[in-house]
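One structure is given here, and the rest of the page talks about it.
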Amino acid sequence: MNIAEHLKTIQGHISQACSSAGRAPDDVRLVAVSKKQPDTRIDEALAAEIRCFGENRVQEAQKRWQSRRMDHPDLRLHLIGPLQSNKAADAVALFDEIESLDRPKIARALAKEMEKQNRHLPCLIQVNTGEEPQKSGILPQDLPALLKESRDLGLNVMGLMCIPPLDAPPALHFALLKKLAETYGLKGLSMGMSHDYETAVALGATRVRVGSLLFGSREK
Ligand SMILES: *Cc1c(COP(=O)(O)O)cnc(C)c1O
């Protein structure tokens, strides 16, 4: 199987999960997570008409996408990994959406750069739903304060993102994220990866982030 076939299979599963949940299939965007994938697979994905990609490191993403962007002006690049404030300028210049806003310092750095570059990217706040100490994301109880500060800074916060703990049933975390989004009037829900994207769609995901199932396993 190649990437085009994987894509068709995954899109079929998304459509099925949407129709079982009474949702429209175009409610859900597939973000192809291209981190640590070799160039041949990236070009194969582009040939299969995939245009929305997720990356978790700014420098790696620059190397992969800056030149390809010239040939594909319709690319949409999502930052899905933790951002350092000294990379905010590069991130704002390269990406089209930031899914991993997770603390006030980053909100301030992003707001400043977006103003400076006049690029006002939609943002999602990453929530550490499992309250895992090693994981990035704001704790659920600190979400209202970060949301308020981000909005006061002029950021366009349009949703929430989470990565459930490895050893927990993801549905509980997806349901919690959805509840938080409803509480705060946010429409975007980025949740679900290769192993649980159908569950995420059933529970309201508007973006699923699929890497290895689409591309194959990553380089070390
Ligand atoms: C790597 C990554 C993914 C994709 O994971 P797969 O299991 O390969 O689908 C999704 N989201 C984030 C934040 C990631 O870092």
Side-chain angles (χ1 to χ4, degrees), residues 1-3 5-14 17 28-38 41-42 44-45 48 50-65 76-84 87 91 94-103 106 110 121-132 134-139 158-171 173-174 176-178 181 188-220:
M1 286 239 282
N2 57 28
I3 291 174
E5 286 173 50
H6 294 168
L7 174 65
K8 235 169 106 184
T9 307
I10 294 165
Q11 280 172 332
H13 290 159
I14 291 174
V28 182
R29 179 183 294 171
L30 175 62
V31 180
V33 177
S34 48
K35 67 184 186 198
K36 297 200 184 91
Q37 293 290 348
R41 292 189 192 159
I42 302 299
E44 197 183 330
I50 297 175
R51 290 295 179 271
C52 180
F53 293 89
E55 291 282 351
N56 70 340
R57 288 166 168 273
V58 177
Q59 264 169 324
E60 185 189 332
Q62 281 176 320
K63 257 176 71 188
R64 183 164 296 132
W65 292 110
R76 280 197 69 81
L77 301 178
H78 292 216
L79 179 66
I80 60 171
L83 181 62
Q84 309 296 316
K87 297 272 166 54
L94 180 70
F95 288 97
D96 301 289
E97 192 164 314
I98 307 288
E99 294 200 15
S100 47
L101 170 56
D102 64 352
R103 53 196 194 277
I106 294 304
L110 285 171
L121 316 183
C123 300
L124 284 79
I125 292 180
Q126 181 176 352
V127 183
N128 186 352
T129 55
E131 309 195 16
E132 297 171 280
Q134 82 286 5
K135 197 166 267 176
S136 46
I138 192 91
L139 294 174
M158 47 79 68
L160 302 178
M161 184 269 245
C162 76
I163 308 171
L166 278 175
D167 56 358
H173 295 271
F174 297 158
L176 169 60
L177 198 70
K178 181 172 168 94
L189 272 180
S190 175
M191 54 191 201
M193 322 204 303
S194 288
H195 295 291
D196 51 22
Y197 69 97
E198 291 164 277
T199 308
V201 170
L203 291 169
T206 62
R207 287 146 172 55
V208 291
R209 309 177 309 269
V210 179
S212 41
L213 195 65
L214 182 63
F215 288 101
S217 55
R218 286 182 277 275
E219 291 172 335
K220 289 284 166 336

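Quick caveat: nothing in here was measured; it's all calculated off a predicted structure. Only heavy atoms go into these numbers, but all of them, side chains included; no hydrogens, no water, no symmetry mates. Ligands are counted one by one from 1 in listed order, and the atoms in each one are counted from 1 as well. One-based numbering along the sequence shown.
The closest side-chain heavy-atom distance from E99 to V31 is below 4.5 Å.
Judged by distance alone, with hydrogens and angles left aside, the side-chain atoms of D96 form a donor-acceptor pair with the main-chain N or O of L77 at under 3.5 Å. Remark: the backbone N or O of G216 is paired with a side-chain donor or acceptor of Q37 at under 3.5 angstrom. Formation of a donor-acceptor pair under 3.5 Å by the N128 side chain with backbone atoms of L139 is not found in this model.
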For ligand 1, output the ligand-protein N/O contacts shorter than 3.5 angstrom; if there are none, return none.
{"from": "ligand 1", "atom 1": "8 (O)", "to": "S212", "atom 2": "N", "distance (Å)": "2.8"}
{"from": "ligand 1", "atom 1": "8 (O)", "to": "S212", "atom 2": "OG", "distance (Å)": "2.8"}
{"from": "ligand 1", "atom 1": "8 (O)", "to": "R218", "atom 2": "NH1", "distance (Å)": "2.8"}
{"from": "ligand 1", "atom 1": "8 (O)", "to": "R218", "atom 2": "NH2", "distance (Å)": "3.2"}
{"from": "ligand 1", "atom 1": "9 (O)", "to": "S194", "atom 2": "N", "distance (Å)": "3.0"}
{"from": "ligand 1", "atom 1": "9 (O)", "to": "S194", "atom 2": "OG", "distance (Å)": "2.5"}
{"from": "ligand 1", "atom 1": "9 (O)", "to": "G211", "atom 2": "N", "distance (Å)": "2.8"}
{"from": "ligand 1", "atom 1": "11 (N)", "to": "R209", "atom 2": "NE", "distance (Å)": "2.8"}
{"from": "ligand 1", "atom 1": "15 (O)", "to": "K35", "atom 2": "NZ", "distance (Å)": "2.7"}

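Between R29 and E97 a salt bridge is recorded (basic side-chain N to carboxylate O distance below 4.0 Å). Classification of E60 and K36 as a salt-bridged pair fails, no side-chain N sitting under 4.0 Å from a carboxylate O.
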